[in-house]
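Notes follow the structure.
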Amino acid sequence: MSRNPVKPPAACAMDPKGSNGSGLQDERITDLLVFGFLQNCSNYNFHKELQVLGHDLSVPACLWENHDDELQTDGSQYSHFVLESRETDSESQDEIIQNIARQLAHIGDRMDRSIPPRLVNHLAIQFMNGDLSEEERRECLAAALEQVMHTYPKDMEKEKTMLMLTMLLAKKVADHTPSLLHDVFRTTVNVINQSLPTYVRNLVRNEMD
């Protein structure tokens, strides 16, 4: 899947480690994290679009298998937040990322109704504007995130809240207009890679330790 480099907004501070050889690995982590979040959210309307996206991203078969099992069980992912226990050192990084995504999706499900429908509708309209550049889309998503940050649980760290709400906004937009899934997914990944790269990297590393 081709990816065109995008110049970040001036307001976004790039992580200095993102420019070295770990950049592609970090992007892959974020791809799987956002995809896993969307996959594990309950009651969404973009099943076909998500399947296409998963194949475009070359999502590992083991993650698709977990997802398929859940769909066959009850048609949704809501009741399956915890993977069966495994030896820590037998878990691949991809499975760990999926586990993190599942936990964040669980939180997102509880906060889903705190996102104002008017804000989602406005954000979807912005993403439907083909004249907007990727940078302008990132700015639109960041502005929406700023508006909903006040709804976050006070007992949750700010970075975790920003990560979860950014992905939840993507889910809400794709749910509103499924055809926007690919575009909103890529913008969401870019925003996370520019705003929270160190947090996401450490989140995965801590789970692997």
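Position 1 is the first residue of the sequence; numbering continues from there. Being a predicted model, the structure only gives us computed values, none of them experimental.
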Closest non-hydrogen atom pair between [X] and [Y], with its separation:
| X | Y | answer |
| --- | --- | --- |
| M164 | L104 | CG-O, 3.6 Å |
| S42 | K171 | O-NZ, 3.7 Å |
| A170 | L38 | C-CD2, 4.5 Å |
| G36 | A101 | C-CB, 3.5 Å |
| K160 | Y199 | CB-OH, 3.0 Å |
| I115 | L165 | CD1-CD2, 4.3 Å |

Output yes when a side-chain donor or acceptor of [X] lies under 3.5 Å from a complementary backbone atom of [Y], and no otherwise.
| X | Y | result |
| --- | --- | --- |
| N40 | A105 | no |
| N99 | E95 | no |
| H182 | S179 | no |
| D109 | C41 | no |

Practice problem: Run the numbers on L53 and F46 for side chain to side chain contact (heavy atoms under 4.5 Å, CB included), then give the verdict. | Solution: CA-CA 10 Å; L53 178 62; F46 45 87; over 6 Å; no

Quiz item: Is there side-chain contact between M162 and K158, with at least one heavy-atom pair below 4.5 Å?
Solution: yes

Practice problem: Answer whether the closest heavy-atom distance between the side chains of L33 and I192 falls below 4.5 Å. | Solution: no

Quiz item: Does the side chain of Q51 come under 3.5 Å of the side chain of H47 through a donor N or O and an acceptor N or O?
Solution: no

Quiz item: How about Q126 and E136: does a side-chain donor come under 3.5 Å of a side-chain acceptor?
Solution: no

Quiz prompt | Residue among E134, E135, R138 satisfying side chain to side chain donor-acceptor pair (under 3.5 Å) with N190 | solution =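 Testing each of E134, E135, R138 against N190, the sole residue satisfying side chain to side chain donor-acceptor pair (under 3.5 Å) is E134.
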
Quick check for you: to the nearest 0.5 Å, what is the distance between [X] atom [atom1] and [Y] atom [atom2]?
| X | Y | atom1 | atom2 | answer |
| --- | --- | --- | --- | --- |
| R113 | K172 | CZ | NZ | 9.0 Å |
| D26 | D31 | CG | CG | 11.0 Å |
| C140 | I125 | SG | CD1 | 11.5 Å |
| L50 | F35 | CG | CZ | 4.0 Å |
| N193 | T188 | CG | OG1 | 11.0 Å |
| M167 | I107 | CE | CD1 | 9.0 Å |

Practice problem: Determine, step by step, whether Q98 and L32 satisfy the side chain to side chain contact (heavy atoms under 4.5 Å, CB included) criterion, reporting the C-alpha distance in whole Å, the side-chain angles of both residues, the deciding distance to 0.1 Å, and the verdict. | Solution: CA-CA 7 Å; Q98 181 78 344; L32 291 180; over 6 Å; no

Quiz item: So among V173, L180, L181, D175, which one has a side-chain contact (heavy atoms from CB on, under 4.5 Å) with T177?
Solution: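 The residue from V173, L180, L181, D175 that satisfies side-chain contact (heavy atoms from CB on, under 4.5 Å) with T177 turns out to be L180.
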
Quiz item: Does the pair R201 and T198 meet the rule for a side chain to side chain contact (heavy atoms under 4.5 Å, CB included), with working shown?
Solution: CA-CA 5 Å; R201 188 185 307 123; T198 302; 3.9 Å; yes

Practice problem: Could you state whether L123 and L132 fall into the same hydrophobic cluster, counting links through intermediate Ile, Leu, Val, Met, Phe, Trp or Tyr residues with side-chain heavy atoms under 4.5 angstrom apart? | Solution: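 Not linked; separate clusters.
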
Practice problem: Walk me through it: do Q25 and Q93 pass the test side chain to side chain contact (heavy atoms under 4.5 Å, CB included)? | Solution: CA-CA 11 Å; Q25 181 181 0; Q93 176 176 274; 3.6 Å; yes

